[in-house]
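Here is the naming used below: chain letters follow the sequence lines, and residue numbers restart at 1 for every chain. All of these numbers come straight from a predicted model, not from anything done at the bench.
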Number of protein chains: 2
Amino acid sequence: MPKKNQQHQQKKPPVTPSPERREELLRIAADVFAEQGYNATTVRKIADAAGMLAGSLYYHFDSKESMLEEILRTFLTELWDGYDGVLSAPLGPRETLEALVTESFREIDRHRSAVAIYQKESKHLVTQTRFEYLVESQQRFEKAWLTTLERGVTEGVFRADLDIRLAYRFVRDTVWVAASWYRPGGGHSPEEIARQYLSMVLDGIAVRTT
Amino acid sequence: MPKKNQQHQQKKPPVTPSPERREELLRIAADVFAEQGYNATTVRKIADAAGMLAGSLYYHFDSKESMLEEILRTFLTELWDGYDGVLSAPLGPRETLEALVTESFREIDRHRSAVAIYQKESKHLVTQTRFEYLVESQQRFEKAWLTTLERGVTEGVFRADLDIRLAYRFVRDTVWVAASWYRPGGGHSPEEIARQYLSMVLDGIAVRTT
DNA sequence: GCTCTTCCCTAACAAGTGTTTGGTAGATTA
DNA sequence: TAATCTACCAAACACTTGTTAGGGAAGAGC
């Protein structure tokens, strides 16, 4: 990474690029990031995919890292829009879990690339102050899931003999890794996949009704 | 990547580095690869972690990519040693699945870094002819799991109403993503984690005995 | 006509990349 | 003691990286 810029500089364009073009370029960049990995993706590859030259990207964005941040931030914002709707609804623990999983698969359907990037890169990114919001989101995420699971246990709809934190990671991972193989328009709708996943997960987590 | 070497050149050292030192350096490299990602890891970082200079690595290995290949190949070789033992044993489908999962968690315990690298990088690597063995391994892997699942369905121990391929990805992913958070010596033994995971997975896959 | 704005190109930069070449301190062998 | 071998260092190499500076074509508004 050349050019050691001073870190306290985040404004850049004195010009005004159109938001539509930005979004289009971000979609392209997200696809390349997801497929090749962030570090392996050069700005020249992104520019190629967009049909322009590397330097031209800097008319719209002030750095490669800014593109990554905007991609992830947009995704997380929309994700929490959906989650907050579910969490504020008066649902039982089982219904909450079902709704969260279904919502997650819908987000995977909509932001497949962003989800893939998030999974691959978030672990390194959280150390940078610029990506602190990832940690914050992660903590809210964990809290929402753990609370739902614990509520289910005390209400007797989830098995009490399970390690809650292990179950959390189990549910979390099974849902999100789907982004690595899911292809939109591939026979299964997000809702259908959610139904199947829930069928597998719940009949292991829900209390046996004999 | 500087130096466009001719591609048909794989022998290099006219000297004889000790295998013990190689193994030690590979363990170090694997840890750095796993933590930072392959592309984000420079040979200078590996050398730093090993307490030497970048160029010195080339006394033991002929390229950074060779290190990666040797790490993954060693892991897969040991993995299939364990798997083949399980698959050749006269076990029922349920016992086979249990043994495969348990064996997988043992491998995660032993080769945590290699597993993490495999998960992050294998998707891009499979396109290179040098890493064709990854594809081959992946196919054997899929076949072993699918066969076990199908056998379980026909023998009536696994639910017949599930999409087999979805169930395969479900089981596969739930097992291997554990490498992203598992820390050896952290309270849970591999066998204990396997037991808990199997409890969650099986009671969703196994036929209800009412 | 002229001026602004939008969007991209050309051409370069400084830092970082994997890798090579030649040398050398220290142990091992003759 | 001399020769050899092991394992590393020092210094460079050719190339790639993200990024910048200046310019220009096409259109809109006056």
Rounded distance (Å) that lies between atom P of D/dT6 and atom CD of B/Glu20: 13 Å
What nucleotide, of C/dC9, C/dG18, D/dT20, holds the atom closest to the side chain of A/Ser56? C/dC9
Taking the six-membered ring for Trp, is the centroid-to-centroid distance between A/Tyr83 and A/Phe141 below 6.0 Å? yes
Ignoring hydrogens and geometry beyond distance, is the side chain of A/Arg44 in donor-acceptor contact with the base of D/dG18 at under 3.5 Å? yes
Name the nucleic acid region contacted by B/Thr41, choosing base, sugar-phosphate or nothing; use a 4.0 angstrom heavy-atom cut-off, strictly under. sugar-phosphate
Taking the side chain of A/Tyr59 as heavy atoms from C-beta outward, which of D/dT20, C/dC7, C/dT20 is closest to it? C/dC7
B/Gly55 or A/Gly55, whichever maps to the more 5' nucleotide of DNA chain D: B/Gly55
Quick one: which of D/dT17, C/dC7, C/dT17 gets closest to the side chain of B/Thr42? C/dT17
Could you state the atom-to-atom distance from CG of B/Leu53 to C1' of C/dG23 in whole Å? 14 Å
Counting side-chain heavy atoms from C-beta on, which of C/dC7, D/dA7, C/dT19 comes nearest to A/His60? C/dC7
Considering only heavy side-chain atoms of A/Val43, the closest of D/dT19, C/dT17, D/dC9 is D/dT19
Nearest-Å distance for atom pair CD/P, residues A/Glu65 and D/dT17: 17 Å
Which part of the nucleic acid, if any, lies within reach of B/Arg21 when heavy atoms closer than 4.0 Å are counted: base, sugar-phosphate only, or nothing? sugar-phosphate
Closest nucleotide among C/dC7, C/dT19, D/dT19 to the A/Lys64 side chain: D/dT19
Nearest-Å distance, CG (A/Leu57) to C1' (C/dT10)? 15 Å
In this structure, how many angstroms lie between the C1' atom of D/dT16 and the NZ atom of A/Lys45, rounded? 11 Å
Sub-3.5 Å donor-acceptor pair from the side chain of A/Ser56 to the main-chain atoms of A/Met52, do we have one? no
For the side chain of B/Ala54, starting at C-beta, report the closest nucleotide among D/dC9, C/dT19, C/dC9. C/dT19
Here's a test of your reading of the structure: between A/Ser18 and B/Tyr38, which maps to the more 5' nucleotide of DNA chain C? A/Ser18
Under a 3.5 Å cutoff, is there a donor and acceptor pairing between the side chains of B/Arg130 and B/Ser66? yes
What integer distance in Å separates B/Asp48:CG from D/dC8:P? 14 Å
Determine yes or no for a side-chain-to-main-chain donor-acceptor pair under 3.5 angstrom, with B/Lys64 supplying the side chain and B/Thr42 the backbone. no
Separation of D/dA25 atom C1' from A/Met52 atom CE, nearest Å, is 16 Å
Looking at A/Thr174 and A/Phe170, would you say the former's side chain and the latter's main chain have a donor-acceptor pair under 3.5 Å? yes
Taking only the side-chain nitrogens and oxygens of A/Tyr58, find out if one of them lies under 4.0 Å from OP1 or OP2 of D/dT20. no
What integer distance in Å separates B/Ile46:CD1 from C/dG16:C1'? 15 Å
Does this structure show an ion pair linking B/Arg106 with B/Glu191, if we count only N-O contacts that are shorter than 4.0 Å? yes
